[in-house]
Amino acid sequence: MAASSVLAFDGLTVGFAAGPVVRDVSFEVAPGEIVAVVGESGSGKSVSARAALGLLPPSAAVSGSIRLDGRELLGADPQRWQQVRGTGVAMVFQEPSAALNPVFSIGWQLVEVLRAHRELSRKQARAEAVELLAAVGIPEPRRRMRQYPHQLSGGQQQRVVIAMALANDPKVLIADEPTTALDVTVQAEILALLRRLRDERGTSIVLITHNMGVVAEIADRVVVLRRGQVVETAPVGELFTRPAHDYTRQLLAAVPRFGGEPAPAAEADRTGLELTDVVVDYGGFRAVDGVSLRVGAGEVLGLVGESGSGKSTLGRVAAGLLVPRSGSVSVLGTDPSSLSAAQRRQLRRRIGFVFQGAAASLDPRWTVRDCIGEPLLVHRAATGPEVGRRVADLLDAVQLPSAVADRRPHELSGGQRQRVGLARALALEPQLLIADEPTSALDVSVQAAVLDLLRQLQAELGFACLFITHDLAVADNLTHRVAVLRGGRVVEQGPPRQVLRDPAADYTRGLLAAVPGARNPVEV
Amino acid sequence: MSGYLLRRVPSALLVLLLASVLVFLVIRLIPGDPAAVLAGSDATPEAVAAIRRELGLDQPLHLQYLHWLGGLLAGDLGSSYLIGGEIGDLLADGAANTVVLATTALVLAVLCAAVLGPLWAVTRSRWVDRALTGFTTAAVALPPYVTGVLLVLVFGVAFRLLPAGGVPPDGLADRLGITAQYLVLPASCLALPVAAVLTRFFSEALRGELARDYATTAAAAGIPRCRIVFRHALRNAVPAAVTVLGLQIGNLLGGAVLVEAVFSWPGLGMLVEQGIDRRDYPVVQVLLVLSVAVYVVIQLVTDVVHAYLDPRIRLGGTS
Amino acid sequence: ESAVARQERVVPAGPPKPGGTAELGLLSDLVPKNLFTNTGPAITTLIGLVYDRLVHYGPSGLEPRPALATSWTPAPDGTALTLRLRDDVRFHSGREFTAADVEFSLRTYADPQWNGQLRSTAAAITDVDVIGPHEVVLRFAHPLSNIFDLLDTVPIIDSESIADLRSGARFVGTGPFRFDGWRPNTELRFTRNPDYFVPGRPYLDGVRARIIPEKSSLLSALKSGQVHFADTLGHRDVESAVRLGTARAITLTGAELQAYVGTNVTTPPLDDVRIRRAIAHALDRERIITEVFRGAGYASSLPWPKDSPAYDEARAARYARDLPRARALVAQHGPVPVLPLVYAAKDPSLAAVAQIVQNNLAEIGIEVRLEPLDRAQFTQQLIAGGFRGLWVTTHSWAQMTPSTLTVSAYPFNARKNASHFSSPDYTRAADAAWQLTGDPAEAHAALSDQLLDELFLIEIGVCWQRWAHSPELQGIGYSRRRELDLTEAFLA
Amino acid sequence: MIPRRGLVGALVVGVVFAAGLAAPLLAPFAPETQVEGANLLGPSAAHWFGTDELNRDVLSRVLHGIRVDLLISFAAVPLGALTGIAVGVASTAHRVLDVVVQRALDVLLAFPNLILAIALTAVLGPGLSTIFAVVVAVEIPVFARLVRSEVLRVRELEFVTAAEVIGARRGRILRTHVVPNSVGPLIVQTALSMSIAVFLEGAMSFLGLGVRPPEPSLGSTLNGSLNYLDANPAYAVGPLLVIAALVLGFQLIAQAASAATRTGERTW
Ligand SMILES: Nc1ncnc2c1ncn2[C@@H]1O[C@H](COP(=O)(O)OP(=O)(O)OP(=O)(O)O)[C@@H](O)[C@H]1O
Ligand SMILES: Nc1ncnc2c1ncn2[C@@H]1O[C@H](COP(=O)(O)OP(=O)(O)OP(=O)(O)O)[C@@H](O)[C@H]1O
Ligand SMILES: [Mg+2]
Ligand SMILES: [Mg+2]
């Protein structure tokens with residue numbers, strides 16, 4: 001087996017100041033094999049993957065071995081790394097928004113990558129870049145080539161990052177949550193692309209994901225990680241049918257399924273958030289085109305729809321971060337744009353907001369404790385040791401160990417950061433929660449716990465909630481109503497039972513059909 | 001972009017106008033009387049009063065100012081109290097010398113920062129790091145008048161490799177090779193502290209950029225280190241460096257006062273210093289307004305560079 | 001090609017040899033309007049090279065020698081002087097020099113706008129009678145003891161180009177060199193005057209005077225061979241250049257300067273002459289001369305140099321350093337407040353002198369606060385009499401006829417001076433010396449006694465300036481007012 | 001390694017600082033004492049760095065001179081920096097205010113340092129308080145500019161938006177998010193400004209505008225020494241050593257501080 005493996009992890013151990021986070025991890029990837037790595041958020045998936053590219057921070061102590069085609073990678077010199085990266089091993093990073101250079105156009109960055117390993121003329125490279133963009137499902141690739149990262153939606157950015165990783169036809173592609181920010185149709189396209197890549201070019205793929213549907217759909221073999229250790233490695237069919245380890249079983253049990261029915265909304269007649277005929281333009285581009293939505297107090301409205309359809313934009317409008325070009329906004333009964341600064345602050349006290357990119361929304365200099373405690377301090381909801389207690393409670397509620405309280409954001413895993421963002425939004429027990437993909441980076445067990453928490457809090461506090469997600473199952477489970485957005489317009493809205501099981505619009509039907517695992521539902 | 005520039009112009013003009021008032025007042029606030037300087041130390045008070053009258057210094061300040069401003073607007077820079085000639089002629093020579101010196105120094109400083117900054121940001125060698133720390137320390141610790149004197153002693157006097165000072169006798173435009181030899185010492189001397197400051201800021205900014213995720217992404221794609229530094233990160237780090245460079249221009253012009261003195265380089269620095277020393281109001285006024293104008297233009301350029309380099313400013317909006 | 005090699009010159013030995021351009025380094029630039037004020041190296045260089053005078057004094061003594069005037073006859077009553085002029089002299093413009101030019105030059109010099117230092121003497125010339133093209137009679141309001149000082153000082157200028165002179169565009173004289181051009185802040189250029197009235201002179205083809213306003217750069221330029229000659233270097237700089245073997249020194253004996261401590265006699269405690277005397281006794285003149293002026297000079301309580309007719313050894317030694325006496329004088333006066341001492345900040349020698357004076361006065365219990373001022377303020381306050389306490393600077397003009405000092409040098413002016421000092425006795429003594437109303441020796445003695453008794457200016461000593469030049473440039477001369485004379489100079 | 005560097009820097013600065021404070025105890029002579037006959041002597045047991053042109057002990061003058069520069073580096077620079085930061089931050093709060101302040105800063109910045117120094121000295125007269133004023137005046141616009149451009153940059157980052165959504169006041173956001181994330185360049189600039197202050201003091205005395213004699217300062221001593229390089233080279237070495245040590249110390253501290261405030265390390 002050793003001879004036939006392209007990439008082999010053998011006893012990989014990675015430690016930071018606080019102790020080891022990856023312990024004796026060993027697994028191998030055969031040529032043309034798709035290995036899924038699943039596991040608890042913070043279990044060391046990303047750290048292991050980065051180790052294979054020599055991209056861990058200097059503070060990390062790495063031991064063990066990682067071999068590419070039988071040659072040791074750890075301890076390689078910069079020249080060798082440079083050759084390996086991109087062609088030997090390529091990587092799609094977990095958080096795409098930060099992975100792109102803000103001052104260069106998408107096209108420029110792709111051309112760069114293409115020309116890093118191959119003798120291509122600029123023109124050839126551009127042509128290939130356009131193809132790559134098209135391959136990852138970016139509409140109008142030629143126009144997008146000229147755009148800058150900040151002009152793309154989260155999902156579009158993610159696809160650009162995938163395109164960059166594919167550019168040089170790597171032997172092994174490590175994709176760290178490559179589809180978290182994507183709606184299911186695009187996700188299906190990406191998965192198809194990966195499969196094609198494997199089939200046509202024999203690329204080996206290491207897919208880090210928390211989406212069991214994706215795993216079921218594409219993986220050959222699954223490695224389950226927990227607390228830095230491999231708890232189980234098994235072929236995909238075997239894993240789903242006969243999970244050997246308790247944790248695996250637990251994980252599979254937590255996979256959200258269609259059909260959960262939330263308790264009816266408490267007082268849906270009072271209005272939490274109301275958008276009427278909202279139009280938002282970016283420059284000449286119309287991102288939101290006459291959307292009307294209403295979220296009653298105590299109601300959870302799920303906002304689903306393809307990547308780039310304007311979901312985040314609507315979220316920003318609802319939070320008063322963006323003033324629409326036209327249309328009216330009413331948040332908890334008032335129009336935020338009509339308020340004085342002090343009144344607006346008071347209004348915001350009652351709103352919780354979870355950003356789509358958790359990494360960027362946390363102050364890099366602050367510890368987790370400071371980040372979560374900030375709203376408490378700002379509104380004097382707690383003082384002194386009380387803050388620490390409340391922060392500990394919140395950490396606990398979002399399933400984070402209290403030890404992370406003293407770390408700074410860049411010392412966390414993607415899922416951990418996302419939960420910090422969520423904890424911060426919940427700190428003041430908001431009356432309106434606007435959550436933009438709040439669980440996208442969470443493994444299913446943690447996700448389930450977080451969704452439980454939300455459900456429970458919602459029942460207790462009765463807040464209104466605009467829940468933006470591309471995970472239809474999650475939407476089905478949590479929300480009272482679902483609105484489907486496409487190209488800046490609402491194509492359909494109604495109770496999830498109706499919209500997600502008996503959709504009226506073709507578009508929604510397409511969406512549902514694309515849900516991974518939908519065709520061969522996971523059996524446990 | 002051009003609209004942006006147009007919007008900046010009125011405020012730039014306002015700055016110039018304000019500066020002209022300030023310049024005018026400050027110079028007159030300085031105790032000392034040009035007439036007394038003109039009259040010489042053995043003159044009688046009556047002679048001084050006569051000279052004051054002749055120079056128009058006995059008129060009320062606001063009239064003097066308006067008169068001067070009117071002249072300026074009409075393109076008349078006035079004439080020096082002391083030298084007697086038109087200021088325009090006086091400046092032409094000095095300005096050429098200073099522009100050549102300052103530009104050379106600026107280019108040297110920028111080159112130095114462009115090479116050493118990235119080196120410093122990237123290196124993990126202790127020795128390179130120490131050498132650069134040592135270099136920048138020395139460059140900042142040794143003021144130009146010390147480096148100047150030392151350079152002259154070593155290269156000009158002891159080894160006679162380069163001229164000890166002055167401009168080429170047949171003018172800057174005579175022979176490039178000759179001019180370069182005259183320029184080397186004063187320009188390096190002027191460039192050193194600026195180079196050190198720029199290098200520090202630039203390497204610091206670059207270091208920050210190289211730690212960011214996009215640089216990691218580029219590295220993960222196998223893009224060569226050099227290219228990541230010079231093509232990918234540079235553009236993000238340059239705006240900060242440009243801000244600092246903009247701030248340093250003032251130091252450069254100030255340093256020119258010292259360097260020109262040490263190397264007897266007959267430029268505007270010398271003219272300003274002597275102008276103030278001898279209370280040659282018209283000369284100093286024009287020179288200071290000129291330096292303000294240069295500064296204002298540089299600020300404009302800095303802003304444009306910022307906008308050019310950063311699409312978020314250029315195109316507006318954040319995601 | 002190396003710029004250094006370009007300026008490198010070989011030094012063959014031999015007799016005066018025509019040709020070559022002398023490179024000079026001057027510490028400050030020209031102010032055309034100050035042309036007659038004898039201030040600054042650019043002016044003294046320009047005047048020395050471009051202009052001639054009617055008579056000239058030799059390096060010592062006050063015996064006039066012929067220059068543009070070949071001979072002269074004073075009237076018996078001393079109120080007129082007949083001058084006969086050379087008839088072979090042309091201005092650089094080609095125009096012939098005549099008696100009318102003498103009149104024009106003297107009248108211009110007397111014009112207040114030029115601030116000629118000997119203006120009061122020039123103004124005492126009531127008439128200039130042009131007798132023939134080359135003969136002229138000067139008539140005076142009263143006998144003038146210092147008339148030859150004036151004739152030695154006034155440059156003969158060209159009436160046709162007087163406007164250009166004021167603006168600095170053109171300087172036309174009859175001297176050994178023609179003015180070629182001036183690039184302010186950069187250089188002055190001169191070429192040989194081929195029609196100079198001394199046959200075969202000057203030897204040099206030209207002179208380029210670079211403005212090098214920083215002492216250390218000037219010194220480097222000299223040491224590195226960039227210039228042949230440096231004006232007004234510090235005494236120690238000259239020493240160091242000489243020690244290095246790259247330069248020789250010229251000590252300007254006969255063109256003395258005097259360092260002094262000025263006092264404002266109207267402000268307490270300086271209004272008490274005992275305090276002024278205490279100060280005079282406290283000064284460590286010898287130290288200042290040896291350390292600051294590197295021995296180029298000698299201590300004296302009076303301005304007169306040793307070869308001055310007014311010099312008297314006993315009087316010059318009147319205020320020897322005597323601390324007990326000084327302290328006693330201070331004690332007689334009672335407690336002394338802190339005294340300000342002003343000096344021009346940029347001159348290191350004066351700064352040193354000021355600090356030594358401060359130290360000396362501290363020894364007798366007078367606390368001094370130093371107030372460095374920039375030159376413009378210093379000059380303004382000197383003229384306006386704005387100093388509240390003490391000041392330190394140098395003066396000149398005591399090397400000429402003694403009366404010139406008291407009618408020309410503002411600090412000594414009997415009618416108005418920076419010390420706010422006036423006394424009928426002093427005025428009378430000054431006038432007597434000038435207008436020759438009595439025996440000159442007596443008049444000088446009276447004047448000296450006035451200066452010593454009243455002590456409004458406390459002299460430190462007489463000092464000589466030193467010039468440095470490379471061995472290559474030989475035959476450098478100078479006038480009694482430190483004007484550069486390169487008539488006999490040549491590049492070896 | 002980096003924190004150790006900071007310690008070394010702090011140690012160096014501390015030693016110089018202490019030497020300055022203890023100058024009256026350490027210095028063999030009073031700084032103004034003119035030792036009879038000791039004119040520009042070379043180094044000896046009695047005078048480690050020899051004597052100056054006025055027969056004063058160079059070592060004693062250097063030790064006392066440190067005090068002036070410490071006052072400037074540790075009082076004038078921080079005062080100017082804090083004022084500048086306050087001005088810069090305040091100006092970003094309000095559009096109109098920003099325009100006014102920026103134009104005013106333009107006017108100030110447009111005057112080269114030394115010209116400002118020359119003008120201020122001519123108005124106020126030379127002396128320590130003038131140098132102090134000059135340094136403050138020079139630093140204010142520099143810091144104001146720098147902090148402003150940083151604030152404008154950081155303000156656009158998403159975590160600031162996040163704080164706004166929480167309902168934090170602008171002042172609080174500025175204080176707790178924006179300014180701390182702008183400190184990198186400010187730290188570098190502070191160290192530089194402290195060094196440049198020493199330099200400025202020297203340059204002013206080079207132009208005859210420095211401290212009032214006979215008070216010693218590093219810059220004026222160094223500057224004075226240049227005229228006597230061949231009589232007593234040690235005269236220049238004394239102040240140069242101290243200035244170099246100070247600047248090095250500042251730089252090491254700044255390097256350590258900016259390393260400490262950096263939020264990530266290059267991983268490749
Ligand atoms: N630079 C760092 N310093 C200290 N600890 C770190 C650092 N980077 C990661 N960690 C810790 O290492 C552990 C593993 O992180 P990793 O990013 O590999 O998790 P993950 O499995 O990718 O999780 P997720 O699914 O949430 O992305 C986490 O507990 C994280 O807090
Ligand atoms: N600052 C901007 N300038 C120009 N276009 C923008 C800007 N921000 C977003 N857009 C565009 O607006 C559209 C909607 O963006 P938005 O971020 O709301 O999408 P989204 O529905 O949240 O997508 P995703 O699920 O991928 O996050 C996208 O096509 C995007 O390219
Ligand atoms: Mg991860
Ligand atoms: Mg989005």
Side-chain angles (χ1 to χ4, degrees), chain B residues 30-48 50-51 54 79-85 89-90 93-94 97 145 148-149 152-153 156-157 160-169 175 177-178 181-182 261-264 266-267 270-271 273-274 276-279, chain C residues 1-4 6-8 25 28-34 37-39 112-113 115 117 166-169 183-187 208 210-214 216-218 220-221 223-226 244 346 373-385 393 395 397 408-411 413 416:
Chain B
I30 303 177
D33 184 354
V37 178
L38 263 181
S41 51
D42 291 340
T44 57
E46 294 72 45
V48 175
I51 296 177
E54 194 201 350
S79 48
S80 159
Y81 289 162
L82 295 153
I83 298 177
D89 304 337
L90 192 61
D93 252 5
N97 288 333
Y145 58 89
V149 168
V152 167
L153 279 185
V157 177
R160 299 209 181 184
L161 291 173
L162 293 164
V167 283
R175 295 262 292 275
I178 297 288
Q181 294 180 43
Y182 275 90
V262 171
F263 288 93
S264 47
M270 236 152 95
L271 220 53
E273 198 216 331
Q274 299 198 348
I276 293 185
D277 193 40
R278 305 196 290 203
R279 305 294 187 273
Chain C
E1 183 184 358
S2 152
V4 174
R6 249 198 187 186
Q7 75 203 11
E8 207 87 53
S28 69
D29 200 3
L30 194 59
V31 177
K33 289 172 190 164
N34 285 359
T37 60
N38 205 46
T39 48
Q113 68 160 314
N115 290 303
Q117 302 246 347
R166 240 181 114 69
S167 70
R183 281 162 57 204
N185 257 326
T186 311
E187 61 178 19
R208 185 168 84 108
R210 276 179 51 201
I211 313 299
I212 305 181
E214 185 49 48
S216 67
S217 328
L218 183 54
S220 304
K223 283 180 175 173
S224 69
Q226 268 194 327
L244 202 70
K346 273 196 86 170
L373 286 186
D374 74 0
R375 205 175 50 158
Q377 287 179 60
F378 185 85
T379 312
Q380 184 194 22
Q381 297 211 11
L382 182 72
I383 294 175
T393 186
H395 71 83
W397 297 105
S408 301
Y410 179 63
N413 195 305
K416 193 148 204 269

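Each chain gets a letter, A, B and so on, in the order its sequence line appears, and its residues count up from 1.
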Query raised in the report: Under a 4.5 Å heavy-atom cut-off, does chain C meet the side chain of B/Ile51, its backbone, both or neither?
Result: side chain
Query raised in the report: Is it the case that C/Arg166 and C/Gln113 place a side-chain donor and acceptor less than 3.5 Å from each other?
Result: yes
Query raised in the report: Under 4.5 Å between any side-chain heavy atoms of C/Pro213 and B/Gln274, yes or no?
Result: yes
Query raised in the report: Between C/Asp29 and C/Pro184, is any pair of side-chain heavy atoms under 4.5 Å apart?
Result: yes
Query raised in the report: Under a 4.5 Å heavy-atom cut-off, does chain C meet the side chain of B/Tyr145, its backbone, both or neither?
Result: neither
Report summary line: Bottom line for B/Asp33: the part with an atom under 4.5 Å from chain C's heavy atoms is both
Query raised in the report: For C/Ser220, is it the side chain, the backbone, both or neither that has a heavy atom under 4.5 Å from a heavy atom of chain B?
Result: both
**Report entry** Flag side-chain contact, heavy atom, 4.5 Å: B/Asp93 against C/Asn185
**Finding:** no
**Report entry** C/Tyr410 side-chain N/O to C/Ile383 backbone N/O, donor-acceptor pair under 3.5 Å
**Finding:** yes
Requested in this report: Could you tell me which portion of B/Val157 (side chain, backbone, both or neither) has an atom closer than 4.5 angstrom to a non-hydrogen atom of chain C?
Outcome: both
Query raised in the report: Side chain, backbone, both or neither: which part of B/Ser80 has an atom under 4.5 Å from a heavy atom of chain C?
Result: backbone
**Report entry** Closest-packed option against chain B by number of heavy-atom pairs under 4.5 Å, given C/Lys346, C/Lys416, C/Arg210, C/Glu187
**Finding:** C/Arg210
Query raised in the report: So, does C/Gln226 use its side chain to make a donor-acceptor pair with the main chain of B/Gly165 at under 3.5 Å?
Result: yes
Report task. Check whether any side-chain heavy atom of C/Glu214 sits under 4.5 Å from a side-chain heavy atom of B/Ser264, and report yes or no. Result -> no
Query raised in the report: In terms of heavy-atom proximity below 4.5 Å to chain B, should C/Leu373 be classed as side chain, backbone, both, or neither?
Result: neither
Query - Portion of B/Ala50 that has a non-hydrogen atom of chain C nearer than 4.5 angstrom - result: neither
